[in-house]
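Proteins come first, then strands; the chains are lettered A, B, ... in the order of their sequence lines, and each starts at number 1.
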Amino acid sequence: MQQAIIRAERVEKYYAQPSENRIQVISPTDLSIVPGEIVALLGPSGSGKSTLLRMLTGLSVPSGGQVYWHEKPIGQTEINVSIVFQSFALFPWLTVLENVEAPLQARGMEPAKRRKRAMKMLDTVGLDGFQHAYPKELSGGMRQRVGFARALVVEPEVLFMDEPFSALDVLTAENLRSELLELWQKKTMPTQAIFIVTHNIEEAVLLADRIIVLGRNPGHVRTDFRVALQHPRDRKAAAFTQLVDYIYKVLTQPEAQPPELPRTAGGKRVRDQRLMSYQMLPHARPGGIAGLLELMVDHGGKADIYRLADDLAFEVDDLLPIVDAASLLGFLTVTEGDATLTPNGTEYANAEILRQKEIFREAALQHVLLLRQIMRALEAKSDGSVPEEFFHDMLDEQFSEEETLRQLETAINWGRYAELFDFDAQRHRFILAHVAEPAVETHE
Amino acid sequence: MKMLPGSFSNLRTRGEMVIPRTLARSQAVRRSWPFLLDLIVASIGLAAFYGVVQIARLWLGRAEPQVTLSLEPRALPLYALYSIVRMFLAYLLSLAFAIGYGYVAAYSRRMEALMIAALDILQSIPVLSFLPGVMLAMVALFPSRQLGLELGAIVLIFTGQVWNMAFSFYSSLKSLPRELTEASAIYGYSRWQRLFQLELPFAAIGLIWNSMVSVAGGWFFLMACEMFVLGSRDFRLPGLGSYLQTAASEGNTTAILWGLFTMVLIIVATDQLLWRPIIAWSDRFKFEQVESARHVRSPLLAILQQSRFVKRMRHVTLSPLMDKLYQREAKRGPTHVTLDDGDQRSPSALAQIVLGLVIFAAVGYAAIQALHLLHSIDRKEFGLVLGGAGMTLLRVIASLFLATLWTVPVGVAIGSHPRLARIAQPLAQIAASVPATALFPVILLLLLRSGGGMNTAAILLMLLGTQWYVLFNVIAGATAIPNDLKEVSRLFHFGTVQRWKTIILPGIFPYLLTGLITASGGAWNASIIAEYFRLKGKTMTAFGLGEQISAATDAGNFAVLLLATIVMALMVVTINRLVWRPLFRLAESKYRLGA
């Protein structure tokens with residue numbers, strides 16, 4: 001058993017609230033990166049993948065637990081890692097060469113030696129001739145190559161990548177992926193391990209020797225397994241598709257065993273977010289939900305989520321929230337990676353727009369606590385309007401500030417679509433729908 | 001034949017690549033006159049050196065009790081040089097301080113709130129009310145009277161210029177893109193490397209635009225300083241401002257014309273030789289990922305960039321210096337990679353407590369002394385100050401109203417018709433850069449001859465000084481109205497009234513507001529000179545807060561001076577909070593175009 005290069009021991013991340021609550025972003029997690037493997041970290045949005053990456057690289061300090069670099073605490077030793085960023089993170093006012101030289105400059109290397117190393121690295125990534133160009137003259141793929149060159153020029157022991165290909169078009173991403181594999185397999189770089197964070201399941205199966213799947217609320221490891229496929233890996237091969245399917249199952253399956261939550265210093269249990277009052281509304285719009293259901297009717301009412309994603313060229317992050325929302329509202333049931341329309345869902349998909357709104361309204365009131373509460377509050381008031389801040393404060397107890405705003409936004413969208421209420425954006429108030437409508441004359 | 005830079009060697013294979021415009025042109029220049037360019041740069045250097053010698057001779061010379069000004073046109077270049085040098089030094093000081101202040105405010109969690117609140121207040125305090133105090137203090141401090149006055153002028157200009165630059169740097173630092181800071185951290189940038197390779201370049205464009213505004217404002221204050229006379233004591237400095245004032249005093253029209261001509265010449269030269277090259281150079285700091293269509297071109301910049309001399313200088317001095325700095329930092333050991341929340345570097349608690357106590361004691365002492373001083377004011381004087389405040393407020397409102405009245409139609413016209421803009425904008429820029437204070441003696445002279453009063457003159461001066469802010473902002477607002485809105489109005493045949501009501505006025509509202517806020521601050525400041533002016537040995541006044549301040553200065557009544565300054569600062573800050581802020585919030589929420 002090789003010694004791990006980086007080892008995280010019960011690292012967790014939380015934000016303390018003024019009240020006794022803690023918003024747990026990542027529950028205590030163990031993770032280790034050993035030499036000679038490519039590790040992929042997969043997970044839906046909100047599972048804390050990027051936070052975990054930042055804790056492993058030392059950019060962010062864990063709220064609890066410790067990260068070790070060759071068995072020494074990470075804060076006390078010099079570590080040798082690089083990150084390739086999603087949006088390339090190049091300095092627009094430096095040329096390609098200057099961007100790649102900068103980390104060497106930071107290490108105090110002499111100009112001549114720097115230049116030689118940087119030029120060699122640019123050659124390796126195929127950018128020879130572009131050294132005096134500025135980033136804004138380059139395409140996305142070329143910019144990411146500069147990102148790679150910069151990351152590799154310091155000869156890092158572990159190369160971290162934060163969704164490196166998601167800002168690129170499909171073909172360029174394919175191209176870069178295979179070039180990365182080539183560099184890795186030919187051992188052209190002294191890097192001993194690669195850690196890639198992604199939300200693209202196929203990408204993970206294509207590249208990784210080991211896949212870690214995260215769940216959320218709070219972020220935790222759901223499964224961690226080896227990928228034994230030989231390179232070059234064929235997307236159409238049975239073993240490949242089986243693996244992808246399996247991962248989809250894991251992602252869409254509700255938790256069999258919820259992760260254990262830590263206790264606060266005073267010995268009180270941290271509130272389990274899944275048991276708290278508000279379920280987290282998936283970030284989906286009514287239009288998207290309607291679209292998905294109509295598509296499924298075409299497929300005969302039953303679809304494999306993996307195949308659906310493939311057909312739509314959707315990523316996990318795009319499709320799962322819509323699937324979650326549809327199942328929350330009772331229009332779908334999800335079992336083992338397959339989605340089936342319920343009778344309600346079929347009716348919704350086949351109805352015309354006014355009836356759709358009615359069905360949505362009933363489902364929303366039945367299944368979404370937040371919307372029920374908003375309606376009750378509005379009906380209780382004589383003027384039929386309630387300030388937004390009231391609900392903001394309640395959600396704040398349970399969610400981070402950013403998530404609270406998104407929850408409110410989703411609730412407002414759904415409420416407006418269902419004609420439950422309207423929202424005055426200027427005065428930040430919910431207004432009961434029939435109050436907003438002008439009086440209608442009844443005709444005999 | 002020189003080697004083309006690497007990016008061109010691929011032209012044959014990469015036909016679709018974008019060729020940077022500046023490079024193409026400078027290729028032509030470079031091939032033709034290498035030596036001539038070096039010569040030009042060298043002569044610029046020589047001229048600068050001569051200027052420094054002249055300045056030193058003036059400043060360190062023994063002071064005369066009374067400054068004698070020659071009205072000969074021959075003396076003008078020298079006077080212009082003196083004025084320019086004062087501006088330049090004040091600007092450098094402001095820039096250094098602004099970067100320091102902004103840096104500390106952005107990175108020190110504890111100091112941040114305090115420093116930004118202080119910025120807000122300091123920006124609102126009328127700079128000119130400090131003129132007497134600063135001058136007297138400086139003269140007392142320095143044996144060579146001339147040096148003291150010069151430093152006083154510089155300090156005063158500094159106080160007027162530094163705050164908006166500090167705020168610009170601060171807000172640039174706060175809006176640094178996350179991934180860039182993470183990249184700097186993970187690749188081990190030292191603090192210096194981060195400053196020079198990330199923070200300064202990112203903030204460059206904001207700093208440059210704010211510098212332009214600050215320098216323009218600085219001229220305003222400089223002219224006032226150069227004309228400054230306190231009772232029987234003459235604090236005037238030889239320069240353009242005092243030249244124009246003397247010329248107006250003696251009614252020497254030729255001298256006035258020469259003076260104005262020199263002023264305009266300096267403005268145009270600054271624009272062409274300083275600002276345009278800098279703006280053209282700052283293009284590389286734009287944080288957009290796509291080449292934008294418009295570029296400011298500057299032949300001077302091309303010359304400097306291609307000059308071998310400049311390149312050698314940079315190669316020999318700047319680059320090795322930076323490298324040595326980075327090497328030294330690298331030897332220091334591994335830099336803190338963490339970016340996180342939580343005060344990692346907070347100084348010891350004891351040091352902070354001691355510092356807090358010292359500041360508290362100092363502020364407390366000053367406050368008590370001030371209260372003592374204010375105590376000596378009787379009710380009548382108090383009433384005068386308050387009454388004056390009311391009058392000046394009316395004048396400020398009047399000048400803002402007049403400014404809006406003419407700038408909105410003109411601004412919208414210029415903004416909507418690009419061809420008109422091309423002619424009008426440079427003209428407006430030149431007109432705007434001429435400091436109103438330099439023109440004031442001339443205007444007053446004309447008004448007196450035609451029988452107008454000081455009241456009109458005061459409003460006119462306030463208008464002149466501040467209308468340009470409003471105009472430029474309105475032009476920017478009119479150009480920002482998206483074309484599709486204009487097309488909708490044409491499609492549905494909107495009448496003029498409807499078009500203005502639904503599209504134009506709401507569209508320019510945020511910009512108009514920004515312009516008015518700046519203009520309002522400028523108007524209050526201007527009132528100090530506008531309401532109390534000395535011409536031909538007589539003192540012309542119009543009742544108002546500015547007049548109270550200047551009169552108190554003249555009489556040496558420091559109690560009233562303090563009270564009036566406080567009242568003015570309070571009024572500006574209160575109007576800021578009560579009027580401008582809510583309007584600004586409205587502009588941001590309801591009237592903002594785009595997401």
| message | Give the interface residues of residues 97-110 of chain A toward chain B, defined by a heavy-atom separation under 4.5 Å. | response | Ala102(A), Pro103(A), Gln105(A), Ala106(A), Arg107(A), Gly108(A), Met109(A), Glu110(A)

| Among side-chain atoms of Arg194(B) and Ser184(B), is any donor-acceptor pair under 3.5 angstrom? | no

| request: Take His132(A) and Glu137(A) through the side chain to side chain donor-acceptor pair (under 3.5 Å) test and state the conclusion after the steps. | output: CA-CA 10 Å; His132(A) 295 298; Glu137(A) 304 169 39; over 6 Å; no

| query | Given a strict heavy-atom distance threshold of 4.5 Å, which part of Ile83(A) is in contact with chain B: side chain, backbone, both, or neither? | reply | both

| message | According to side chain to side chain contact (heavy atoms under 4.5 Å, CB included), who are the partners of Pro177(B), at least two apart in sequence or on a separate chain? | response | Leu180(B), Phe202(B), Phe287(B)

| request: Verify whether one side chain among Tyr187(B) and Gln193(B) offers a donor that lies under 3.5 Å from an acceptor in the other. | output: no

| field | Toward chain B, the part of Ala425(A) with a non-hydrogen atom under 4.5 Å | value | neither

| request: Report yes if the side chains of Phe169(B) and Leu200(B) come closer than 4.5 Å at any heavy-atom pair, otherwise no. | output: yes

| query | So which part of Gln197(B) gets closer than 4.5 Å to some heavy atom of chain A, the side chain, the backbone, both or neither? | reply | both

| field | Toward chain B, the part of Arg150(A) with a non-hydrogen atom under 4.5 Å | value | both

| With Tyr14(A) via ring-ring contact (aromatic ring centres under 6.0 Å, His included) - residues at least two apart | none

| Using a distance-only test with no angle check, is there a side-chain donor-acceptor pair under 3.5 angstrom linking Glu12(A) and Gln24(A)? | yes

| query | Which residues satisfy the side chain to side chain contact (heavy atoms under 4.5 Å, CB included) test with His428(A), sequence neighbours excluded? | reply | Glu388(A), Phe423(A)

| message | Which one wins on heavy-atom pair count under 4.5 Å against chain A: Asp323(B), Leu586(B), Leu325(B)? | response | Asp323(B)

